[in-house]
Structures are given as C-alpha cells and as structure tokens.
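Okay, so here's the structure we're looking at.
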Amino acid sequence: MSFDFITKKLIQQQTQHRYRQRICVAEQNGREVTIAGKTYLNFSSNDYLGLNKHKKINQAMQEGIDRFGLCASASSLVTGFHYAHQSLEEHICLWLNKPRCILYSSGFAANLGVLQALGQENSNFWLDKLSHASLLDGALATKATVKRFLHNDVEQLAQWLNKNHFDKNQTKQNVSDNLIITEGVFSMDGDRAKVAQLSEIAKENDAWLYVDDAHSIGVIGEKGQGSLSSADPDIVMATAGKAIATSGAFVACNEQLFEYLVNFSRHYIYSTAMSPALAWATKASLVLIEKEQWRRDKIKELSALLASKLNDEIQLIPTESSIHAIIIGEESKTLAVCEKLKNKGIWLTAIRPPTVARNQSRLRVTICASHNNKDISYLAQCLNEVLN
Ligand SMILES: *Cc1c(COP(=O)(O)O)cnc(C)c1O
C-alpha cells in the first residue's frame, strides 16, 4: 500500500520513546507558562530578553496594522515590499553596520533561501557539526559539496580548507566558492562559535563566513548585535522569533549579495512578504534592545546566580548566553528528572538523541531577563534535590 512507511515510522518512534506531541499553552509570558490549568516557572522559553507582550511592541504592531495592514498582500517583488519593511531593513543596517539587509518570513526560510541561492556545482559548504537543521537542509538541498567539521574545531576546519586550496592549485581546477557556516550561539548548549577566528580563516582562504545568530541576536554585544559585536562575518542571519520577540528573520550582507538574493533567492521571491505590521513591531523591539542593556545584564547576573547555587557535582556547561545545558546522561533518567521538576512547578526541556549523542541527554535551561532571583534560587534548589 502507498505510504505504508507512515505507520511504520510512527510505531518505531513510539518504541524508541521518541514520539513527539505538542502541548497546548493556555497562557504565557517569558517567566511563566500555563498548561492544562497549571502554571509553571518556564525555563524553556526563547523570549530571552523578556520582550514578548511588551507594551511598546504591541502598540507598534497595532499602529503597523492600521497604517500598512496585517498582510503584505503580495510577495516582495510584486507589491509586498512596504515602507515598514524598508524602514526595518535600514534600521538593522545601521545597528549592525552592514551595507544591506533582506527580510524573510522565518529563520528557517532565510537559511534555505540564502544557502540554496549560494550553492552551485563548484561550491563547498563547511558546516559546524552542531549546525541547526535548517542550515543542514539548506546546504544539502544544493549542488554544493557539504562537509561538516567537528564542533568548534577551528584547527580541523583550517586544515581542511588549506588542503582543499592546495588540491585545487595542483589540479588547476576552477576556483571553488567556499562558505563556512556556523551558529553564533549554539542552540542546545549555548556555547559560542569562535567567530573572530572563523572570520580570519575565511579571509585567509578567500572564503565567506555565514553566521546564524538565532540565539545571539539581542543577547550578545553592547547593543545586542550578536556576533557582529566582536567580528565581521560576511553574512549574518537572525530570526526575530527569539530574543526580538516578534517573528520573521533577516539576513545582513554586502550590497552585491543583497541584489543577488533579491534576484535569485526563491524563498524570497516566491513567498508573501513578512507582515508589514510585524516589520513595524520588530523595529520597535530593536529600539528597546539597543537601549535596554539591563536586559542583557540581567541574563548574566541570573546565570551567575544559577551557577553559584548548584551543587558542585552538577555539570553545567558555562556560557555567555541565555542557554544553559546540564548534562544528565541516560535518556530515561533525563526524562524522569524533567517529570520530577514538573511536579515541583518547573517547566524545562529534555534534549535527547538524535539531537545529542547517546548518553549525552541533557536539560536545557533558558534564563530570561523576565526571571527574578527567587525564580533562579528555586530552580537551583529543585535541581539540587532532584539530581541528588
Ligand atoms: C530557531 C532557529 C532557526 C529558525 O528560525 P525561525 O524563525 O524559528 O524559523 C534557525 N536557526 C537556528 C539556530 C535556530 O535556533
């Protein structure tokens, strides 16, 4: 029968304890979440800066709806590119000090849209092993040769690129186009890529560096500029669905690549433009992000508090971001820990294979600017009890 694999795959998923189901959130702010009539302290939100539901962003959304409409009513190359989009793009360029910026309707679409446009027959894509699914899918959907270097192993990458360069010289093949791809802050462990070093390696090898700043934008840097606060990657993608607390995504790049994407990026060309009201709201969020350094300071402060309150035996991966991973090991134990925490009113996510290697299951704690000292102390107390 056609599509027999659907039943098979679902059963397999269940027997491997990997069956996924959605839970319906009745209400949420960055700090708390209400599910099935019960309110939990939420440590699995991506609202890192606590900006969701911010009055100024909501007001801008309403104003955007009134002025430009909720719907763009067309793709960007037809009549979907509104003043709200232009204004947001210009704002981002000034903020990040990049010549151009282009908006996509999601980070996933942006990664696919850019990588598909860049991947040609003689392209080489060099991805960090822990790169997000959308980066991998985008890279694999092209004719480019895809290679994945060990997580954050800049030496391996440098060697590979060097060898590649050497081989090409020997055989006098056409020069290849090399793109190094990484996340700025990695989504599962919250550790940072060595962006400055990667940038250097890229320059030495006549390659470009592409950084997915989904978890860095807003959180890292004096004004929340993410990886661009400490290095100058050629291309930066960031979603607005995390710290920015709206939705959609942008890609910041040079003039020439911008023009190329407008002409050749299929996800951009054949998709309805981002809601102009959302673009307007996103701009309002960026104004807050640049100004309100206290939100970034708060994340640092609360993160340090968590580290200081946890028992010494607990393995907390140190980071500069909102994301804090606690390695537990066995999958079943990790799930049991999550369940116990839930009973104590704490909601956080268990990260299990295939997302991480076997026996490397972990808790992913995200600390937001909306949490307070009491929340963190309670979390630490519960973790100390449960992981005893
Ligand atoms: C969330 C995420 C994306 C996707 O962004 P959306 O706007 O949610 O589609 C891409 N890359 C990384 C690293 C992410 O964490």
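Remember, it's 1-based here, ligands and their atoms both numbered in the order they're listed.
Counting only heavy atoms of the protein, atom 6 (P) of ligand 1 lies nearest to Gly107 N, 3.3 Å. For atom 8 (O) of ligand 1, the closest non-hydrogen atom of the protein is Thr239 OG1, 4.1 Å. Protein heavy atom in closest approach to atom 11 (N) of ligand 1: Asp212 OD2, 2.6 Å. Ranking protein heavy atoms by distance to atom 9 (O) of ligand 1, first place goes to Phe108 N, 3.0 Å.
Asn263 and Glu259 are not linked by any side-chain donor-acceptor pair at a separation below 3.5 angstrom, with hydrogens and angles left out of the test. For Trp126 and Asn178, the side-chain atoms include at least one donor-acceptor pair closer than 3.5 Å. Arg362 and Gln360 are linked by a side-chain donor-acceptor pair at a separation below 3.5 angstrom, with hydrogens and angles left out of the test.
Remark: Lys223 NZ is loosely packed, at most 12 non-hydrogen atoms of other residues, nucleotides or ligands lying under 6.0 Å away.
Among Arg31, Lys298, Lys309, the one residue that satisfies the salt bridge (Lys or Arg N to Asp or Glu O under 4.0 Å) test with Asp375 is Arg31.
Here Ala214 has side-chain heavy atoms under 4.0 Å from ligand 1, and that is the only part of it that gets that close.
Between Trp160 and Phe149, the distance from one ring center to the other does not fall under 6.0 angstrom.
Within ligand 1, the atoms closer than 4.0 Å to a non-hydrogen atom of Lys242 are 1 (C), 2 (C), 3 (C), 14 (C), 15 (O), numbered from 1 in the order shown. Taking every heavy atom of Ser134 and a limit of under 4.0 angstrom, the matching atoms of ligand 1 come to 10 (C), 11 (N).
Taking distance alone, with nitrogen or oxygen atoms compared against 3.5 Å, His215 approaches ligand 1 more closely than that limit.
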